[in-house]
Amino acid sequence: MRRMPAAALAASAIVLAQAAVAGAAQLVARPTYRTPEATIASPFVVVHYTRTGPDHPRFMKDDDHDGVPNYIEKLAAAANKAWLWYAHNAFKAPLPDRGGPDAKLDVYVKALPRGLFGVTYPTSDAQGGSFMVIDNQLDEAHLSVHGSLQQTVAHELFHEFQLSYVPNGGIPRWAAEGSAVAMQTYVYPQVVDASAFAFFDEWLNEPWRSLYDQAQGCLHCYGGGLWWRFVFGLGNHVMSEYFGRLYGYQQTHKPIVLGLQPLDEILQRRTHGSLYSAFSRFSYDIYRAGYKPAPTFRLAAARSLKSTPVRVVRGLSTHYIPIGVPAGAHGVGVGVAAAGGPNPEVELVVGGPKGRVIEGVVRRRGHLQYFAPAFRNARERSSVVLIVTSGRQVGTAYRVVYQAL
């Protein structure tokens with residue numbers, strides 16, 4: 001499902017999303033129209049629409065005068081391009097559609113509730129198998145303010161590819177939505193979609209929330225597309241193999257739960273690193289790329305030694321902590337001590353996002369990490385950021401001691 005990131009959404013949009021993800025008590029019927037229905041067939045999808053009535057495309061312009069609105073032709077083209085892109089990147093094709101005129105995937109153009117761009121119904125919830133519904137008034141231009149037609153189609157189609165692995169929609173929602181946001185931006189990088197950037201801001205504004213936090217309409221999940229872009233960028237078909245691992249879990253009746261264990265297994269197999277190390281690298285890469293994640297709290301170092309109260313970094317979340325130092329300081333001393341739970345992963349960066357990563361000293365089997373860099377220039381003095389992460393499902397407690405040198 002793809003929707004506008006906003007605090008207040010129509011209740012019907014939320015109910016529709018829940019039906020698509022959690023499963024409905026009765027099978028969802030194929031959409032119908034009040035006015036005559038038309039279809040257009042393409043290599044991989046069949047698009048259903050109407051030329052009149054409340055569900056017709058907002059713009060009925062037909063440049064090639066073939067009787068099919070540009071909106072419908074662009075939708076079909078977007079779906080076919082995304083399909084080929086996903087297939088090229090080793091994702092398993094959607095299951096045959098048993099509810100339409102043939103085995104091709106059916107896509108219905110309808111007037112959806114305000115703020116809802118598209119929705120995909122799992123095979124287990126829909127008559128004749130899974131199908132997609134796309135809103136009838138998305139932006140066709142590459143600069144999108146109200147939701148991009150191309151990226152929305154790519155987003156919903158990726159759900160169809162996900163469902164080829166887990167047909168009942170049992171993929172954890174945080175993973176399903178976050179990875180779909182990531183893929184829509186890979187398939188159509190030239191499209192500037194304001195809603196996608198707003199999703200990313202949802203994550204950047206609260207990086208201390210767990211990546212799998214599905215509260216508040218799962219907006220944080222959509223913003224987690226930043227993480228899934230990172231995962232896909234690791235190469236070695238990590239993402240497609242992750243969904244394959246979820247398929248294996250379901251076939252052997254192993255509980256998927258949050259989907260973290262299979263993700264860790266694939267990362268260790270394909271990248272020679274764990275989920276813990278990958279998430280720590282991701283957290284640093286976000287800062288280095290200049291995304292400006294919101295600080296969890298700020299510290300002001302002085303000549304005297306200071307200490308924070310115990311803080312808790314949640315599972316798969318990050319604390320970005322700027323440390324201010326006096327103008328005359330030659331360096332800074334920072335120690336991070338575990339205060340319960342696993343040891344956190346810690347990075348200290350001076351000099352801004354492109355600055356120097358300070359190598360720390362580890363003591364007490366990782367329970368204590370400390371850093372004591374001497375500043376090389378004023379830029380390093382003006383920008384000191386501590387990055388504390390927990391790349392596990394469980395959080396960890398820590399305390400920071402710090403002092404200007």
Over 12 non-hydrogen atoms of neighbours within 6.0 angstrom of CD in Gln251:
yes
Rounding to 0.5 Å, atoms CG (Leu260) and CG (Leu275) come to a distance of 6.0 Å
For the ring pair Phe158 and Phe91, is the centre-to-centre distance below 6.0 Å?
yes
Side-chain H-bond candidate by donor/acceptor type, His159 with Glu177, under 3.5 Å
yes
Report the residues that fulfil side-chain hydrogen bond (donor to acceptor under 3.5 Å, both in side chains) with Gln403, sequence neighbours left out, ordered by chain and then residue number.
none
Quick check: Tyr165 with Tyr247 (ring centres under 6.0 Å apart)?
no
Working for ring-ring contact (aromatic ring centres under 6.0 Å, His included), residues His56 and Tyr33:
CA-CA 9 Å; His56 77 80; Tyr33 300 95; over 10 Å; no
Begin from the C-alpha positions of Asp264 and Arg269 and carry the test salt bridge (Lys or Arg N to Asp or Glu O under 4.0 Å) through to its verdict.
CA-CA 9 Å; Asp264 183 55; Arg269 177 182 175 185; over 6 Å; no
So, Asp201 and Lys292, do they make that salt bridge, N to O below 4.0 Å?
no
Pair Arg314-Ser390, side-chain donor/acceptor within less than 3.5 Å:
no
Within the side chain of Ser210, is there an N or O that forms a donor-acceptor pair under 3.5 Å with the backbone of Gly315?
yes
Could you give the distance from OG1 (Thr389) to CZ (Phe279), rounded to the nearest 0.5 Å?
6.5 Å
Indicate yes or no for a side-chain donor-acceptor contact from Asn136 to the backbone of Pro54 under 3.5 Å, with no hydrogens or angles considered.
yes
Main-chain N/O of Ala111 paired with Asp55 side-chain donor or acceptor, under 3.5 Å
yes
Which value, rounded to the nearest 0.5 Å, describes the distance between Ile72 atom CD1 and Ile134 atom CD1?
10.5 Å
If you measure from CH2 on Trp83 to OG on Ser42, what distance do you get to the nearest 0.5 Å?
9.0 Å
Side chain of Gln369, backbone of Pro344: donor and acceptor closer than 3.5 Å?
yes
Should we say atom NE2 of His330 is surrounded by more than 12 heavy atoms from elsewhere, each under 6.0 Å from it?
no
Aromatic contact, Phe59 with Tyr71 (centres under 6.0 Å):
no
Establish, yes or no, whether a centroid distance under 6.0 Å links the rings of Trp227 and Phe230.
yes
In Å, rounded to the nearest 0.5 Å, how long is the span from NE2 of His220 to CD of Glu202?
9.5 Å
From Ile286 atom CD1 to Leu226 atom CG, the distance as rounded to the nearest 0.5 Å:
4.5 Å
Quick one: does any side-chain atom of Tyr188 pair with a main-chain N or O of Ala78 as donor and acceptor, under 3.5 Å?
yes
Distance-only polar pair, side chains of Thr123 and Ser130, donor-acceptor under 3.5 Å:
no
Looking at Arg298, I'd like to know if its CZ atom is crowded, meaning that more than 12 non-hydrogen atoms belonging to other residues, nucleotides or ligands lie closer than 6.0 Å.
no
Whether over 12 other heavy atoms sit under 6.0 Å from Lys354 NZ
yes
Mind checking side chain to side chain contact (heavy atoms under 4.5 Å, CB included) for Ser277 and listing every partner two or more places apart, or none if nothing turns up?
Ser274
Between Trp228 and Tyr242, is the gap from one ring center to the other below 6.0 Å?
yes
Using a strict threshold of under 4.0 Å (side-chain N to carboxylate O), is an ion pair present between Lys104 and Asp97?
no
